[in-house]
Amino acid sequence: MIKKITKYILLAFTITLCTSCFEILEEINLNSDGSGTMLVTFNLSKSKTKLASIMLLDSVNGHRVPSKDDINKALKDAENHLKTINGITNIKKTADYQNYIFTISCNFDKVASLDAVFQELIRKQNKKEQTNFNTTNFSYDKDTNNFQRNFTYDAALKKAFYKLKGEDRKIFEDATYTSIYRFNDSVEKVSNSNAKVSPNKKAVLLKIDAMALILGEKSVANTIQLFK
């Protein structure tokens, strides 16, 4: 899901001497019983003026510029994929072409259902690209009140990055990944040193530069222990 949408979005950023800026935001609201909601946002608004001009072109640096139909199809494909997962309901998507902000959201009955959204996609990605990323991304133990965001870095990510042309690498210079996890119970501790717990102890924020993630300098992995 994320890979396919991101592919179209990143193509629009590939322009010589253009410093691009985008954010991928992953938000999860987790209830005590393990159900909850997920919202994934692709925010390209800081480059909306340049993007509006790029969208008028056929190609940039040898890459075909995606049309609105292409992006809408990617969002529709993501929606259709979510519909195949048991326990996933209330699927919604939005496309704001004034500000270039795209979202997809859903409810999940348990964290295992949320994790299933990504498992098959990652398995296919690992087989195709010979990578070794976690197929388990999210887990939650109700007995211990422990929530985990799993991620194991694969050096193939760095190798793939350095195979890109110089102008294509610029896409990631100001890009960020942000996760916000909200809970009913208070947070006791987190494992990721870059994560910040909100003043009310009910949310955890993690914001990482895309380059640090690609180069393996930082990780999105996080174990969040909630008070029982």
Side-chain angles (χ1 to χ4, degrees), residues 1-28 38-55 57 59-66 68 70-71 74-75 78 93-105 118 121-122 125 129 131 133-134 137 149-181 192-196 204-222:
M1 176 182 68
I2 290 178
K3 183 190 173 197
K4 189 158 189 177
I5 299 172
T6 304
K7 177 184 72 173
Y8 287 123
I9 291 173
L10 294 185
L11 285 178
F13 276 98
T14 309
I15 184 170
T16 305
L17 301 178
C18 174
T19 301
S20 302
C21 181
F22 70 92
E23 178 182 37
I24 297 177
L25 176 62
E26 174 186 281
E27 296 181 73
I28 293 175
M38 178 187 72
L39 170 65
V40 178
T41 301
F42 298 87
N43 187 346
L44 296 81
S45 60
K46 290 183 180 180
S47 298
K48 63 182 181 181
T49 301
K50 291 180 180 177
L51 275 174
S53 298
I54 291 172
M55 291 288 284
L57 304 176
S59 64
V60 173
N61 292 329
H63 298 288
R64 187 177 73 84
V65 175
K68 289 183 180 181
D70 291 328
I71 297 173
L75 286 167
K93 63 183 189 304
T94 67
D96 177 358
Y97 288 101
Q98 293 294 319
N99 297 296
Y100 289 91
I101 299 175
F102 308 90
T103 72
I104 189 159
S105 63
F118 302 96
L121 295 174
I122 293 174
Q125 170 70 11
E129 304 295 339
T131 49
F133 292 111
N134 292 63
N137 286 265
R149 173 57 158 105
N150 302 301
F151 178 79
T152 299
Y153 180 74
D154 189 334
L157 190 61
K158 184 191 295 187
K159 292 179 181 178
F161 173 74
Y162 283 119
K163 287 181 181 178
L164 296 175
K165 296 178 181 178
E167 58 268 27
D168 290 347
R169 293 181 201 168
K170 291 181 181 180
I171 295 170
F172 301 94
E173 287 182 352
D174 295 315
T176 59
Y177 160 87
T178 302
S179 66
I180 301 175
Y181 304 140
N192 193 310
S193 60
N194 295 297
K196 297 179 180 179
V204 176
L205 168 72
L206 177 62
K207 186 171 184 177
I208 295 178
D209 293 339
M211 288 299 301
L213 184 61
I214 291 169
L215 299 179
E217 298 169 351
K218 294 181 181 179
S219 174
V220 300
N222 203 6

Show, in sequence, the C-alpha distance, side-chain angles and deciding distance for F22 and N43, and conclude whether the side chain to side chain contact (heavy atoms under 4.5 Å, CB included) test is met.
CA-CA 6 Å; F22 70 92; N43 187 346; over 6 Å; no

Report the C-alpha separation of L25 and F42 in whole Å, then their side-chain angles, then the decisive distance to 0.1 Å, and conclude whether the side chain to side chain contact (heavy atoms under 4.5 Å, CB included) test is met.
CA-CA 7 Å; L25 176 62; F42 298 87; over 6 Å; no

Go through I180 and T178 one step at a time and tell me if the side chain to side chain contact (heavy atoms under 4.5 Å, CB included) criterion holds.
CA-CA 7 Å; I180 301 175; T178 302; 4.3 Å; yes

Using salt bridge (charged side-chain N to carboxylate O under 4.0 Å, His left out), reason through K46 and E23 one step at a time and then give a plain yes or no.
CA-CA 9 Å; K46 290 183 180 180; E23 178 182 37; over 6 Å; no

Which is it for K93 and F102 under the side chain to side chain contact (heavy atoms under 4.5 Å, CB included) test, yes or no, and what are the steps along the way?
CA-CA 8 Å; K93 63 183 189 304; F102 308 90; over 6 Å; no

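Listed for the N222 side chain is a donor-acceptor partner under 3.5 Å among the backbone atoms of N192. Looking at Y153, its side chain never comes within 3.5 Å of a backbone N or O of L213 through a donor-acceptor pair. A donor-acceptor pair under 3.5 Å links the side-chain atoms of D96 to the main chain of Q98, judged by distance alone.
Interatomic distance, E217 CD to K158 NZ, rounded to the nearest 0.5 Å: 7.5 Å. The NZ atom of K218 sits 4.5 Å away from the CG atom of N194 when rounded to the nearest 0.5 Å. Rounding to the nearest 0.5 Å places NZ of K165 at 12.0 Å from CZ of R169. Atom-to-atom distance recorded for T176:OG1 and M211:CE is 13.5 Å, nearest 0.5 angstrom. From I24, atom CD1 reaches atom CG of L44 across 9.0 Å, with rounding to the nearest 0.5 Å. Distance check, rounded to the nearest 0.5 Å: CD1 of I208 to OG of S179 gives 7.5 Å.
Considering all non-hydrogen atoms of both residues, S219 and A221 come closest at OG-N, 3.0 Å. Nearest heavy atoms, I104 versus L75: CD1-O, 4.2 Å.
The side-chain heavy atoms of L215 and Y162, taken from C-beta on, include a pair separated by under 4.5 Å. You'll find the side chain of Y177 reaches within 4.5 Å of the side chain of V220, heavy atoms only.
Annotation: cation-pi pair K68/Y97 present, NZ/CZ under 6.0 Å from the ring centroid and within 45° of its normal. Taking the ring axis of Y181 as reference, the NZ or CZ atom of R149 does not stay both within 45° of it and closer than 6.0 Å to the ring centre.
Side-chain contact annotation: T41 with T103, donor-acceptor N/O pair under 3.5 Å absent.
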